[in-house]
Structure formats: structure tokens, C-alpha cells
Amino acid sequence: MSAAPSLSERRPADREALAARPAALWREAGVVPLAWRAEEEQARPVLVAEDADPWPWWLLARLEAEAGKPLWVLVRPRAEVEAVLHEALEETRATAAEMVEEMAEKDIAREVEEVADLLETDDDAPVVRLVNALVAQALRERASDVHIEPYEREVLVRFRIDGVLHTIVRPPASVHAALVSRIKVMAGLDIAEKRLPQDGRFFVRVAGREVDVRVSILPTAFGERVVLRLLDRGARMLSLEELGMAEDHLALVRETIASPHGIALVTGPTGSGKTTTLYAALLAVDRENRNVMTIEDPVEYRIAGVAQMQVRPKIGLTFAAGLRSILRQDPDIVMVGEIRDLETAEIAIQASLTGHLVLATLHTNDALSSIVRLTDMGVEPYLVASSLILVEAQRLVRRLCPACKRARAARAEDWRLLDLPADAYPEVEAVYEPVGCAACRGSGYRGRIAIYEMAKISEALRAAIHDGASLDRLRKIAAREGMRTLRQDGARHVAAGITSIEEVLRVTREGALEEA
């Protein structure tokens, strides 16, 4: 038995050999045959997991007999063996478009039970394989949502990638009923009910990754519309330093989460990264010596050392009811997934006034609008003024694709478009624009990064809030104290060549702050 090669020397799997037996068999045995040149090499390389129990003598003997040459057995950690297996399975998995072509010639009505891993199913029912292919392809292309939209003659399947919808495939309308039924079976929903909206969820494993799929079904004129939200439970949570904040913003957040009490609000529309920011903040607090609790809808990722509760409105566990119970658990820091009503807002404010640090989200267009939103809910201005310590708004802008972005000379007008003086970045000679290539699906962008707007509640702002000042007045005070708007903060990413001016303007055009 020879020593295994390093990762840099590792060969790909022998996909032809893998296809000869069920994928589940290779995984259970912990064996992966590697690519080799049978006519030139004296031994066939095979990966075997070091914790294989029992040792797969029978399978190794069969492979040796088939090769007609001895085996070169490379004993490696199981994680590495499974990584090679999953990589090979993903490469051979049909895309959704290929599955639609196949379904045009086969019976699509048959349904089967859900399998353990989408990449390891041997079931050949076309509709099952289509759903599997959709989820696997969505994860491969970094999609956050899958939209299945029925129309008169076709079904439109779109992926939301980096916040923008892309059409992936257009199956015929005849596919729709079987496709929705399969998803309902996986989510445990009522197949016969087609008149009412339904919500559910299911868990799958794709290439060894555990994925939580949230299902929303809505009846429309042409049939039921389905949206799948994909949450990769194995994804690594980002730290505060990895969020892309400017140094002054990062320092302000660190100061806030070290506060003994008060409310910090993170605002923005759905999908703007608010939960990611709050999770990063929780990762940065002292969870060893402080009692940290959350109430969320849903609990997207698990954080060690944090007690996380999920709301369940059907049984009366709302944000308000859950928050009231959490306060009896002697918490130091409480995260509220969303302040939706006056009752939740009042409990959160009372918690902050009685010695708790409360982190919460709110849906508003910019940071200071959250103050007006709270008072519109019915919270007294003096309570808002005495409890708030930070308001923050954020958006996600798409990163320029590094493979195809194109430079052009920077102009004074570029910075004026971003609400900055013409000489804001005198050292920047070039800015970049999107082009589009195969790597970014022709969009010119790949990945996203956040832009922020933060206002520390100073004494001047506190007094203005207490007196019921207008939003325009609050903005002028914050601007004098150095608050940057979302658009102005986006300029630093433009200057660094990370994103384009057009992208920052696209994201900040609606609800952009007026010049103070």
C-alpha cells in the first residue's frame, strides 16, 4: 500500500466506474475509484476512507478483478473521500434543461419517496429527477431562491442569483402539475388542496451539504406558483470583519454590541443581509459570560452559545409573546428577528430600559426612517429617544465579475452621481464597468457585498427625537455629525473597483436619502 498523494496531486474520480454501481454503495463503503490509464499504469488507484468499518474487502476485490491489475489503495480521511465522490456526482448530474427535454418523451406522473441525498438517487422518475436537478443546479449557481411560475403554455423556472432573477428553463405547461405535486410531497403539504396558499419545508442533502428548503405555494390564474428559498445549513457565517464595513462603521458596531443596554436597529428591505449582519454581531459578543437569546422567523443558522427560538404564530408564539418569555430568562442580549407591531416594539423598548441590549430588524428605506416608523406604530417619542443607541440601514450591491470587468478613466461626474464632491477620490484614476462572460452568466457581476448607512444616536439626535422632529430635520443633524448615506458609502466600493457606479445607483435609487 502506497502513501496517498497530496490534494494538489489528487486525481479525479473514474466517473465511468462510479456509474456502474449505485452512488449510495460507494458512499457507504467509503471507496472511490480514481481515473487511471489502464494500458500504461501497473496498478489501479482507489481512495478508501480511513474509518471504513468493515473494511470493504469484497468491493476492492471486485475492482481488482475488473481491472486485471493490482490496486493502489490510498487511505485518506472520509471527508476527502466524500468530497471527491460528490464532485464527480455533480459533474455527471443532468441540468434542469436536459431533464425537461427528457421529460417530453417520458411519463412524468409517477411519484416516489424522498431520497437521502439528491445526488445519490437512483430513481429514474423524470419529475423526481427534475426537482433534484433544480435544487442541485440552484446551489451550484449560488441561487437563494427558485421560482416556478405557471403560464398558459409554459412554466417559467427562474433562479434569484445575487439578488436578480435569471430564467433557467421553460418546461411545457403539462409538466407543472407533476412538478408541484412532487414538491408538495417532499414538503408534507396537501396535494389535493389547490385553492389555498400553503407553506412548508423539507431538508435535503446535496453533495454532502445539508440544505433547508422553505416552500411557499400560491394559487394563481394558471395554476399554483411555487417559490423555494434555499438555506445552506453548512454555510459558514461571516464575521464582522468580513462584512465589508468601513473602519468607522465597524468601530461603531463594536461599540454598540459592547453596550450594557439600549436598542440597535438594522433596517432594509427583504434580502438586504440584515440577518447576516445580526448573526455576525452575535458571533462577536462575549457569549461565554453573557446570556444571549434570540427570537426569529425562521432560525436560519445555529450559533453556538446562543439560545434561539422560532416564532410559531399558529400556536400563539408570536414575536411579542416570545420576547415577553425571553425576558424572564435573565438575558443580557436579545435579538428580535423583526419588530412588526406596536406590542413587540413596546416590549423591546421596555427591555432596553431595564438593562438589556436589544438587537432588532425593521423594514424601512433608510436608517433614520426607522425612528419615524416606531412613532408611527404608536411608540411615544420620549421612549424612542431614551432607548435607541444606533440605527443602521444596508443594501447588497453586486460585485463586478473579476474575469470580465473593464476599466475606464474616472471622471469628476462619477463622484457627483454618488452625492460626493468631485474631488472625493483624487487618487482613483479608473473605475470599472460590467461586461459579461460565461463565468457570470453574461451579467457582468458575481457575488455581492454590503453598503451601510449608520447613525449613532447622539445627544443632538436624542433631543430632536424627543421633540418630535421631522425626518428631514433628523437627516440634517445626522449629516452634520458625519453620517454617510448608502450611496456615499457605496462610493468606496466603486473607488476600490469592487462594484460599478450603475450598480450603486440601482440599489440606492429607491428610498435614497435627499442631500442634507
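Legend: residues meeting side chain to side chain contact (heavy atoms under 4.5 Å, CB included) with E193, ordered by chain and number and at least two apart, are D190, R195, L196, Q198. The side chain to side chain donor-acceptor pair (under 3.5 Å) search around Y445 returns S500, not counting sequence neighbours. Residues forming a side chain to side chain contact (heavy atoms under 4.5 Å, CB included) with T270 (at least two apart in sequence, or on another chain): H363. In this view, E503 and R398, R506 satisfy the salt bridge (charged side-chain N to carboxylate O under 4.0 Å, His left out) rule, not counting sequence neighbours. For R408, the side chain to side chain donor-acceptor pair (under 3.5 Å) criterion is met by D414, E433, not counting sequence neighbours. Residues passing the side chain to side chain donor-acceptor pair (under 3.5 Å) test with D51 are R78, sequence neighbours excluded. In this structure D145 satisfies the side chain to side chain contact (heavy atoms under 4.5 Å, CB included) test together with H147, R160, V227, R229, sequence neighbours excluded. Residues satisfying the salt bridge (charged side-chain N to carboxylate O under 4.0 Å, His left out) test with R446, not counting sequence neighbours, are none. For the salt bridge (charged side-chain N to carboxylate O under 4.0 Å, His left out) test, residues two or more places apart in sequence or in another chain that qualify with E41 are R11, R37. The salt bridge (charged side-chain N to carboxylate O under 4.0 Å, His left out) test applied to E242 returns R236, not counting sequence neighbours. With sequence neighbours excluded, no residue forms a side chain to side chain contact (heavy atoms under 4.5 Å, CB included) with P402.
A distance of 7.0 Å separates CD1 of I161 from CZ of R142, quoted to the nearest 0.5 Å. We find the CG-CD distance between L130 and Q137 to be 10.0 Å, quoted to the nearest 0.5 Å. L400 CG to R406 CZ: the interatomic distance, rounded to the nearest 0.5 Å, is 11.0 Å. With rounding to the nearest 0.5 angstrom, the CD1 atom of I257 is 7.5 Å from the CD1 atom of I333. If you take CD on E28 and CG on L59, they are separated by 10.5 Å, rounding to the nearest 0.5 Å. One finds the OH atom of Y432 at 13.5 Å from the OG1 atom of T499 (value rounded to the nearest 0.5 Å).
Residues in residues 287-299 take part in these side chain to side chain donor-acceptor pair (under 3.5 Å) pairs, two or more places apart or across chains: Y279-E296, D286-N289, T294-E296, E296-Q308, D297-R340.
Within the 3.5 Å criterion, the main-chain N or O of V266 finds no donor-acceptor partner in the side chain of T361. At least one donor-acceptor pair closer than 3.5 Å links the side chain of K274 to the backbone N or O of P269. Within the 3.5 Å criterion, the main-chain N or O of E392 finds a donor-acceptor partner in the side chain of T267. In terms of modelled atom types and a separation under 3.5 Å, the side chain of E224 and the main chain of I217 share no donor-acceptor contact. Using a distance-only test at 3.5 Å, with no hydrogens or angles considered, no donor-acceptor pair links the side chain of H493 to the main chain of R399.
Side-chain contact between V285 and L357 is absent, with no heavy atoms from C-beta onward closer than 4.5 Å. Taking the side chain as every heavy atom from C-beta outward, D489 and H249 approach each other to under 4.5 Å. Counting only heavy atoms from C-beta outward, the side chains of M293 and M309 never approach each other to under 4.5 Å. Residues T275 and Y301 have side chains not in contact (no heavy-atom distance under 4.5 Å, counting atoms from C-beta outward). Looking at T318 and V311, their side chains never come closer than 4.5 Å, going by heavy atoms from C-beta outward. With a 4.5 Å cut-off on side-chain heavy atoms, V204 and M186 count as touching. With contacts defined as side-chain heavy-atom distances shorter than 4.5 Å, the pair I183/I148 qualifies. Contact check for L359 versus L282: side-chain heavy atoms found under the 4.5 Å cut-off.
Taking 4.0 Å as the cut-off between side-chain N and carboxylate O, R27 and E82 count as a salt-bridged pair.
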Exercise. Apply the test side-chain contact (heavy atoms from CB on, under 4.5 Å) to residues V226 and L179: give CA-CA distance (whole Å), side-chain angles for both, the deciding distance (0.1 Å), then the verdict.
Key: CA-CA 10 Å; V226 180; L179 185 58; over 6 Å; no
Exercise. Before giving the answer on side-chain contact (heavy atoms from CB on, under 4.5 Å), spell out for L230 and V213 the whole-Å C-alpha distance, their side-chain angles and the decisive distance to 0.1 Å.
Key: CA-CA 5 Å; L230 308 180; V213 183; 3.9 Å; yes
Exercise. For T508 and V397, run side-chain contact (heavy atoms from CB on, under 4.5 Å): C-alpha distance rounded to whole Å, both residues' side-chain angles, the deciding distance at 0.1 Å, then the answer.
Key: CA-CA 9 Å; T508 61; V397 295; over 6 Å; no
Exercise. Step by step, work out the side-chain contact (heavy atoms from CB on, under 4.5 Å) result for R441 and E141.
Key: CA-CA 10 Å; R441 299 186 63 88; E141 299 191 17; 2.8 Å; yes
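Pairing each heavy atom of G244 with each of I449, the nearest pair is CA-CD1, 4.3 Å. For V253 against M454, the heavy-atom pair with the smallest separation is CG2-CE, 3.5 Å. Of all non-hydrogen atoms in W36 and A43, the two that sit nearest each other are CE3-O, 3.6 Å. The two residues L243 and A280 have their closest heavy-atom pair at CD1-CB, 3.8 Å. Taking all atoms of both residues into account, the shortest heavy-atom contact from G30 to V81 is O-CG1, 3.9 Å. Scanning all heavy atoms of the two residues, the minimum distance from I191 to K184 falls at O-NZ, 3.6 Å.
In this structure, F222 and Y151 have tilted ring planes: the angle between them lies in the 30° to 60° band.
The local environment of CZ in R302 is crowded, with over 12 non-hydrogen atoms from other residues, nucleotides or ligands closer than 6.0 Å.
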